[in-house]
Visitor: 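Questions regarding the structure given below will be posed in turn.
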Amino acid sequence: MKVGVAREIKPDEYRVALTPAGALELKNRGHEVLVETTAGDGSSFPDAAYERVGATIVSLDEVWGQSELLLKVKEPIAAEYGRLRDDLVLFTYLHIAADEPLTRALVDSGVSAVAYETVETGRGRLPLLAPMSEVAGRLAAQAGAYFLEKPFGGRGLLLGGVPGVAPGKIVIIGGGIVGYNAAIIALGLGAQVTILERSIDRMRHLEEVLSGRVSLLMSNSLQIEAEVADADLVIGAVLIPGALAPKLVTREMIAGMKDGAVVVDVAIDQGGCFETSHATTHSDPVYVVDGVIHYCVANMPGGVPITSTLALTNATLPYVEAIANKGLRAAVDADAALAKGVNVIGGKVTYEAVAEAHRLDYTPLEVALAA
Ligand SMILES: NC(=O)c1ccc[n+]([C@@H]2O[C@H](COP(=O)([O-])OP(=O)(O)OC[C@H]3O[C@@H](n4cnc5c(N)ncnc54)[C@H](O)[C@@H]3O)[C@@H](O)[C@H]2O)c1
């Protein structure tokens with residue numbers, strides 16, 4: 001199969017959908033790999049690194065025009081809609097339940113659109129979202145530590161303390177993948193860590209894996225208010241699947257925090273869990289409300305593209321190989337997790353939540369494939 005890798009053109013996006021190592025795996029299986037020129041630059045993979053493993057460097061028109069399977073990181077933007085076609089399989093993050101124009105462009109073009117974020121293995125696991133949550137969680141503790149420094153507007157506090165001086169206090173709301181990863185970096189920095197969770201089973205698990213090194217508390221309004229009041233850094237990491245994040249920290253709680261404390265709202269991509277949050281970017285990541293620094297970058301993994309690209313492609317490559325080796329139809333027949341990734345095919349919406357979101361007809365994948 002001709003597998004293409006398009007260059008990302010969204011602002012602040014430096015990831016690439018395939019590494020030279022991945023390109024070599026595909027070449028070894030007899031596939032042709034077309035990489036748009038400079039696609040890997042932002043992740044420190046120059047064109048020459050792809051050429052060395054036998055990939056062909058091509059132009060924008062060639063990568064979109066000649067590929068049978070096109071790999072991207074972010075969803076196509078309006079300038080790319082005209083390039084979608086019915087004999088193309090597109091594999092990328094799509095998030096189309098929140099994007100009606102893109103959904104219509106996918107439907108109208110007849111493209112087969114497979115979304116990373118809806119590939120789902122047993123027990124609701126999302127293997128192509130998890131690596132980005134790992135990155136964002138680890139980065140959250142790091143960003144919080146940075147903005148606590150006085151020159152960046154923070155309290156001027158070292159999270160780890162020193163012998164004879166108490167460490168800083170980090171409160172993490174939500175102990176899922178983001179929360180766990182934030183906790184291990186926070187512990188590594190030497191901070192005092194509290195996780196507020198709603199699921200008792202999840203807290204039992206965290207107790208086991210973190211060997212009692214964090215305080216685990218039930219998440220409710222009273223507990224959140226008490227913990228946030230004397231925190232130096234609060235990290236918001238909750239998720240209610242398919243819903244906007246609940247506003248767990250109110251404006252009053254923010255006003256009651258220490259001057260120069262920091263909040264990092266990782267859940268901002270779901271609307272945020274602090275009442276005072278609004279999305280920011282890597283080029284302008286923070287703002288201040290009532291003396292509290294807010295870091296609310298909506299695409300945190302984009303800030304560390306080398307790590308994020310490797311983490312993402314480690315997870316996507318097995319699915320890319322399956323589609324390239326078998327073709328999309330046989331690949332989804334063989335793997336129910338990948339089948340859940342198909343959002344649109346042959347002009348039909350095959351992901352129920354997307355059809356509902358835009359009041360379009362839903363066609364089960366088996367029916368769409370049989371047509
Ligand atoms: N900003 C970014 O760049 C970025 C990157 C990756 C993920 N995210 C976001 O981070 C958030 C967390 O993602 P995740 O992968 O860790 O999800 P997850 O499902 O692994 O974990 C979410 C946790 O929140 C808990 N929770 C739900 N309601 C709660 C409440 N009221 N109080 C306390 N805990 C509660 C759940 O029990 C669960 O353990 C999501 O909104 C995700 O979209 C953002």
Side-chain angles (χ1 to χ4, degrees), residues 10 12-15 73-74 93 95 97-98 116-118 120-121 123-144 171-185 194-207 209-210 214-228 234-250 253 263-275 277-282 285-286 294-305 307-308 311-312 315:
K10 277 192 90 168
D12 268 351
E13 184 52 70
Y14 304 103
R15 288 173 290 178
V73 176
K74 297 299 278 187
Y93 285 122
H95 294 288
Y116 291 162
E117 73 276 6
T118 64
E120 186 180 329
T121 55
R123 288 189 290 153
R125 294 227 166 106
L126 304 171
L128 306 188
L129 268 189
M132 295 304 101
S133 286
E134 290 170 337
V135 170
R138 290 175 185 223
L139 203 51
Q142 197 172 303
V171 173
I172 299 169
I173 309 177
I177 300 175
V178 167
Y180 166 74
N181 281 277
I184 53 177
I185 295 302
T194 299
I195 301 179
L196 295 159
E197 237 300 336
R198 213 176 47 162
S199 153
I200 295 179
D201 282 344
R202 182 67 189 169
M203 284 194 274
R204 289 196 177 108
H205 173 73
L206 291 171
E207 164 88 1
V209 294
L210 295 171
V214 300
S215 301
L216 291 160
L217 298 175
M218 177 51 75
S219 172
N220 56 50
S221 299
L222 209 58
Q223 195 79 264
I224 291 173
E225 186 172 3
E227 290 303 316
V228 161
V234 182
I235 296 174
V238 299
L239 177 66
I240 299 179
L244 281 178
K247 302 285 181 206
L248 298 174
V249 176
T250 62
M253 291 183 205
V263 297
V264 175
D265 199 347
V266 186
I268 191 67
D269 62 337
Q270 304 294 328
C273 55
F274 301 90
E275 206 180 357
S277 294
H278 63 73
T280 60
T281 60
H282 285 291
V286 293
H294 289 54
Y295 175 102
C296 305
V297 174
N299 68 329
M300 293 177 68
V304 288
T307 309
S308 298
L312 177 64

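Since we're looking at a predicted model, the values are computed, not measured. Ligands are counted one by one from 1 in listed order, and the atoms in each one are counted from 1 as well.
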Visitor: How many angstroms lie between atom CG of Leu217 and atom CD1 of Ile173, to the nearest 0.5 angstrom?
Guide: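 One finds 11.0 Å between CG of Leu217 and CD1 of Ile173.
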Visitor: So, His282 side chain and Asn299 main chain: donor-acceptor pair closer than 3.5 Å or not?
Guide: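 Flag set: sc His282 to bb Asn299 pair under 3.5 Å.
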Visitor: Nearest to atom 5 (C) of ligand 1, what protein heavy atom do you find, and at what distance?
Guide: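 Closest protein heavy atom to atom 5 (C) of ligand 1: Ala136 CB, 3.4 Å.
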Visitor: Tell me the protein heavy atom at minimum distance from atom 2 (C) of ligand 1, and give that distance in Å.
Guide: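 Answer, as residue, atom name and distance: Ala298 O, 3.4 Å.
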Visitor: I need the minimum non-hydrogen distance between Ala130 and Ile177, along with the two atoms involved.
Guide: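 The pair with the smallest heavy-atom distance is CB-CD1, 3.8 Å.
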Visitor: Can you list the atoms of ligand 1 that are under 4.0 Å from a heavy atom of Ala267?
Guide: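 So the atoms of ligand 1 that pass are 41 (O).
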Visitor: Please verify whether a non-hydrogen atom of Ala245 lies at under 4.0 Å from ligand 1.
Guide: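 Contact absent.
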Visitor: For atom 34 (N) of ligand 1, find the nearest protein heavy atom and state the residue, atom name and distance (0.1 Å precision).
Guide: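 Ranked first by proximity to atom 34 (N) of ligand 1 is Gly174 CA, 3.5 Å.
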Visitor: In a check of side chain to side chain contact (heavy atoms under 4.5 Å, CB included) between Ile224 and each of Val249, Val171, Val234, which one passes?
Guide: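 With Ile224 as partner, Val249, Val171, Val234 yield a single side chain to side chain contact (heavy atoms under 4.5 Å, CB included), made by Val249.
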Visitor: Can you list the atoms of ligand 1 that are under 4.0 Å from a heavy atom of Leu248?
Guide: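 The atoms of ligand 1 under 4.0 Å from a heavy atom of Leu248 are 30 (C), 31 (N), 32 (N).
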Visitor: To which protein heavy atom is atom 15 (O) of ligand 1 closest, and what is the distance rounded to 0.1 Å?
Guide: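 Answer for atom 15 (O) of ligand 1: Ser133 OG, 2.7 Å.
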Visitor: Name the option, out of Val266, Leu139, Ile177, Val238, that contains the heavy atom nearest to atom 40 (C) of ligand 1.
Guide: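 Answer by nearest heavy atom: Val238.
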Visitor: Does Gly271 offer a backbone N or O that forms a donor-acceptor pair with the side chain of Lys247 under 3.5 Å?
Guide: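 Yes; judged by distance alone, with no hydrogens or angles, the pair exists.
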Visitor: Taking Asp265 for its side chain and Phe274 for its backbone only, find out whether a donor-acceptor pair lies under 3.5 Å.
Guide: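 Side chain of Asp265 to backbone of Phe274, a donor-acceptor pair under 3.5 Å: yes, one is there.
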Visitor: Pick whichever of Ala237, Ser221, Gly124, Pro246 has a heavy atom sitting closest to atom 12 (C) of ligand 1.
Guide: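 Closest candidate by heavy-atom distance is Ala237.
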Visitor: Report the part of Val135 (side chain from C-beta onward, or backbone N, CA, C, O) that has a heavy atom under 4.0 Å from ligand 1; answer both or neither where that applies.
Guide: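 Neither part.
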Visitor: Taking His95's backbone N and O only, do any of them form a donor-acceptor pair with Glu117's side chain (distance below 3.5 Å, no angle check)?
Guide: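 Here the side-chain-to-backbone pair exists.
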Visitor: Tell me, which protein residue and heavy-atom name are nearest atom 21 (O) of ligand 1, and how many Å apart are they?
Guide: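 Looking at atom 21 (O) of ligand 1, the protein heavy atom closest to it is Gly176 CA, 3.1 Å.
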Visitor: Could you tell me whether the side chain of Thr280 and the main chain of Val286 form a donor-acceptor pair under 3.5 Å?
Guide: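 Judged by distance alone, no pair lies under 3.5 Å.
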Visitor: Identify the protein heavy atom lying closest to atom 22 (C) of ligand 1, giving its residue, its atom name and the separation to 0.1 Å.
Guide: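 Answer, as residue, atom name and distance: Leu239 N, 3.4 Å.
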Visitor: Kindly say whether Gly175 contributes a backbone atom to a donor-acceptor pair with the side chain of Glu197 at under 3.5 angstrom?
Guide: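 Yes; at least one donor-acceptor contact below 3.5 Å.
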Visitor: Of all the heavy-atom pairs spanning Gln223 and Leu196, show the shortest one and how long it is.
Guide: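 Distance-wise, the nearest heavy atoms are CG-CD2, 3.5 Å.
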Visitor: At less than 4.0 angstrom from any non-hydrogen atom of Asp269, what atoms of ligand 1 do you find?
Guide: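 What qualifies from ligand 1 is 8 (N), 9 (C), 41 (O), 42 (C), 43 (O), 44 (C).
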Visitor: Looking only at distance, does Val297 have an N or O less than 3.5 Å from an N or O of ligand 1?
Guide: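 The answer is yes, given that Val297 and ligand 1 share an N or O pair closer than 3.5 Å.
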Visitor: Taking only non-hydrogen atoms of Ile224, do any sit less than 4.0 angstrom from ligand 1?
Guide: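 False for this residue.
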Visitor: With a 3.5 Å distance limit and no angle check, can you tell me whether Arg198 reaches the backbone of Gly174 through a side-chain donor-acceptor pair?
Guide: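 Not confirmed, Arg198 side chain does not pair with Gly174 backbone.
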Visitor: Any idea which of His205, Gln270, Arg202 brings a heavy atom closest to atom 41 (O) of ligand 1?
Guide: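 Going through His205, Gln270, Arg202 one by one, Gln270 has the nearest heavy atom to atom 41 (O) of ligand 1.
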Visitor: Output yes when a side-chain donor or acceptor of Glu207 lies under 3.5 Å from a complementary backbone atom of Val209, and no otherwise.
Guide: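 Side chain of Glu207 to backbone of Val209: no pair is present.
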Visitor: Using a strict cut-off of 4.0 Å, indicate which atoms of ligand 1 neighbour a heavy atom of Pro301.
Guide: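 Every atom of ligand 1 under 4.0 Å from some heavy atom of Pro301: 3 (O).
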Visitor: Considering only non-hydrogen protein atoms, determine which one is nearest to atom 3 (O) of ligand 1 and report residue, atom name and distance to 0.1 Å.
Guide: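 So the nearest neighbour among protein heavy atoms is Met300 N, 2.7 Å.
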Visitor: Can you report which non-hydrogen protein atom sits closest to atom 38 (C) of ligand 1, along with the distance?
Guide: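 Going by distance alone, atom 38 (C) of ligand 1 is nearest to Glu197 OE2, 3.2 Å.
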Visitor: By number and element, which atoms of ligand 1 are closer than 4.0 Å to a non-hydrogen atom of Leu196?
Guide: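 Heavy-atom distances to Leu196 below 4.0 Å select 33 (C), 34 (N).
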Visitor: Do the side chain of Tyr93 and the main chain of Leu128 share a donor and acceptor less than 3.5 angstrom apart?
Guide: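 Checked: pair present.
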Visitor: Do you know the tightest heavy-atom contact between Val266 and Val178?
Guide: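 That closest heavy-atom pairing would be CG1-CG1, 3.8 Å.
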Visitor: Side chain, backbone, both or neither: which part of Ser219 comes within less than 4.0 Å of ligand 1 when only heavy atoms are counted?
Guide: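 For Ser219, only side-chain atoms sit under 4.0 Å from ligand 1.
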Visitor: For ligand 1, indicate whether the residue Asn299 contacts it via side chain, backbone, both or neither (heavy-atom separation under 4.0 Å).
Guide: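 Backbone only; the side chain of Asn299 stays clear of ligand 1.
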Visitor: Just to be sure I read this right, does ligand 1 sit under 4.0 Å from the backbone of Val178, its side chain, both, or neither, counting only heavy atoms?
Guide: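 Answer for Val178: both.
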